[in-house]
Colleague: 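The structure under discussion is supplied below as structure tokens; questions concerning it will follow.
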Amino acid sequence: MSVAEQDAEDDGRLAISAMINGQRRNIRVRPQQRLSSLLRDELGITGVKVGCDAGDCGACTILVDGDQVCACLMPAAQAHDKMIVSVERMATEVSLNRIQTAFHRHGAAQCGICIPGMLSAATHLLGRIQQPTEHQVLDAIGGVLCRCTGYRKIVAAILDAADPMNVAMPVLPETEVVGARAPRLDGIAKLTGQAMYGADDIPADALWLRAVRSPHARAKLRFGDLDAFVADHPGIVAVLTAADVPGHNGFGIYPHIKDQPVFANGHVRFRGEAVCAVVGERAAVEALRLEDVPVSYEPEDPVIGVAAARAEGAALVQADKPGNHLITGRVVSGDAARALETCAHVAEGHVSTAFVEHAYIEPEAGWAQRVGDRMEVHVTTQTPYMDLDEVALVLGLDKADVRIVPTACGGGFGGKLDQSVQPVLAVAAWTLRRPVACVYTRPESLAASTKRHPAEIDARFGCDKDGKLVAAEMIARFDTGAYASWGPTVAGRVPVHASGPYAVPNVFALGEAYFTNQMPAGAFRGFGVPQAAVAHEALLDDLADKVGLDRLEFRHRNALRVGDITPTGQELKASAGLARCLEVLRAPWKAALGDCERHNASDDVVKHGVGIGCMWYGIGNTGMSNPSIMRVGLGRDGRLTLFNGAAEVGQGSWTIMPQIVAETLGVPLATIDQVGPDTDRTADAGKTSASRQTYVSGTATELAAQDLLAQLRRLANAGADAEVVFDGATVRIGPAEIELARLPVRDDGFALRGEGTFDPPATALDEDGQGTPYATYAFAAQIAVVEVDTELGTTRVRKIVAAHDVGRAINPTLVEGQIEGGIAQGLGLALMEEYLPGRTENLHDYLIPTAGDVPEIECILVEDPEPTAAYGAKGVGEPGLVPTAPAILGAIRHACGASIRQLPATPDRVRAAILQQRGAS
Ligand code: FES
């Protein structure tokens, strides 16, 4: 056949023949079927990832006759006579290929969902150009989005792979495991397409579910005859509404706020809210026009924005929330108002930020099944135990009757700390007694998921004539959307961090959250601290100018140090490395200032500037318990098994926790197996959020390993300091030898099992926000070098140098990866990201940084150990992002004088600010 031929006897399907991953396949395809659908859904080639189905994200990039092609854009029929290669074909049975090996060496895969597409793009490039330049690499991967890595390690890996001599597989360290650049233990699965994400391992007999979502921000809601609708649509099994929820039709983050319904009950409060769900055979559900489901709306004027929510007589988003007020967080120390009157210099300003989308490349996905009288949900998530609580509540079950099994998670960044598919899948699978699956479309993900809180921030900072900060005031008002979600967390965390990482004796800070008719704002890398940092860093720059001090030196003079008292009255007893971060940045800062000066003397249009941003970040929950429990089993054969309940979302806990076990027990990393996370098999390690897993679960892991050592010493009647040496199935403790095979077998099959629990020593805050909200803080400073085209208003970031006090880098490669990924997201926050409901519900209108947007990044790790932590390690998930936007905005101001106080700093806003500044001068 030279072209695909139609087979009239097969429902219009077309017969094609193609070489797919080395095999000749003769297949019949539907006329409008996408190649991605054929490969994934019919041939089971799930290494082809679908992130948008619109050619925007590039996750489905494969090789077709050697060229990189988005499989979601190519009709399956056009695959006729083609040679198709996906990630599954790139490795042999025994080894990764050269490009995969380079990715593995560089730790280039974090969540891994973009990696199949990246590998295809890299293979295409290196097939054409043996020694590409960095520019050519950036061009080649420009169509594949990565939200985790900041691209730098991917670019380095591809350049490295171009050298045929670079073929070495990274090896697992045997000694000095903590601090080693160990390869990711989940790396090979992510580089070969074996990692199973939420949409990848759905049972063949699962029904399919799609939610019907409101097109209105605020409306009354009425259903037509749903039974008749089901009867009229073969293959549709049910339309589920609020009436079908067997337990409580509501969920939410806080135990006392379960305000978001599984299905809207009588009225809707945001565009994208689920009103009902259609469940049926997959083909029937996918063929359905959701607009045909008999739902009618009576729209009402929505409450949009904090000002409208606070206005006199504003309609109430939730009837029992007067003033649309959710909560106010408060920190007061000293008398800021009076102190500001005494200051030699005062800076004040207003900052506005937008809704920002997480844009994880893997949309929400999962499946559920009823197993007897228990519910089992397999889902992409950051928080399996919170999912368990919510599913139990919605179904009216005991928690013991719910099991959550996290799949591989293709990025979260806080967005997968909320419920998405979990409640609707649970209701459907429970009531219909069939496995049910749901995979959000990209527009659905954008419309229905939580966002970063938009903020309206008013702040005043004052200092004395020598540049010592005296007082800070901040009132930050947040749009929390229609439901509470993580609004209380944001409102509570921001006042603690409002004065920045500086010693300020007088502070008055409020964080207020208001309901509006927008999608809920939830957790997003930083919980409001990035927005607050934009404000305090802009004012620090203003004050430095007023005092006549260098901006870096002004910060160094005021940096929080060991022995200082924070605004909550907490004494920093150890591990406060901001001053050291600033000291290591002095040389690149001075060099960048000099470069900018030289450049700007010779260019009147494109101006260069350098800016600096600092941050501190409390690790873990604010002023409340957030324990983690980890367990380590020792088999009678000497193998060790870590029961690791920390959700791995790309940050690296699947690698870091075993590194801690190996170091504590003095064994090679390769001797440790892992189980989990799975709520039936692993203990609660808490959420993967608030940069807490390395600190909290890492310390629990060390304690579990130490518990195992203590048990072994007791068996040998040895002292607490006796050396323990693991040697296969024998353990030597001083002169004693324990033959593990002779120990009795526990119920769980192990000879011994160690358990560790760690809950950071924090305290609740009083009504003035006084107390110990966090046991430890991460600190960081970043400098950004930018160029601004003053005619066009465009900004290009040329370089970032990031100095981070991480306590101790358990795995420097993974720490750098977190910082680089955070910087890319911070760049997006500063320059391009703004979610507008109904207008940016896809990844071609909602822009996130591509490989070409992310500049050279230099990471400098400062290690100021935290004494309460395993090996001194704090956390770095959020800190990578927080200082970036302030540094970029400061650099824009340095370049052209434009002070941007409304984010993102899009070209029109920068240009307008330049014109305004020229008009004023
Ligand atoms: Fe690229 Fe997660 S590693 S999207």
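In listed order, ligands and their atoms are each counted from 1. None of these values were measured; they are calculated from a predicted model.
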Colleague: Which word best sums up how the rings of Trp367 and His378 line up, parallel for under 30°, tilted for 30 to 60°, or perpendicular for over 60°?
Modeller: parallel
Colleague: Sorted by first residue and then second, give each side chain to side chain donor-acceptor pair (under 3.5 Å) pair with at least one member in residues 876-886; sequence neighbours left out.
Modeller: Tyr617-Glu878, Ser691-Glu878, Gln782-Thr884
Colleague: What is the ring orientation for Tyr846 with Tyr835, classed by angle as parallel under 30°, tilted 30 to 60°, or perpendicular over 60°?
Modeller: tilted
Colleague: Under the ring pair (Phe, Tyr, Trp, His ring centres under 6.0 Å) rule, collect the residues that match up with Tyr695, sequence neighbours excluded.
Modeller: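 Checked Tyr695 against ring pair (Phe, Tyr, Trp, His ring centres under 6.0 Å); matches are Phe758.
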Colleague: At a cut-off of 2.8 Å, what protein N/O/S atoms sit near atom 2 (Fe) of ligand 1?
Modeller: Cys111 SG, Cys148 SG
Colleague: Using the side chain to side chain donor-acceptor pair (under 3.5 Å) rule, collect all pairs that involve residues 134-145, keeping only residues at least two apart or in two chains.
Modeller: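 Matches after skipping sequence neighbours: Thr133-Gln136, Glu134-Arg152.
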Colleague: From the options Val356, Leu903, Leu881, select the one residue that forms a side chain to side chain contact (heavy atoms under 4.5 Å, CB included) with Pro530.
Modeller: Leu881
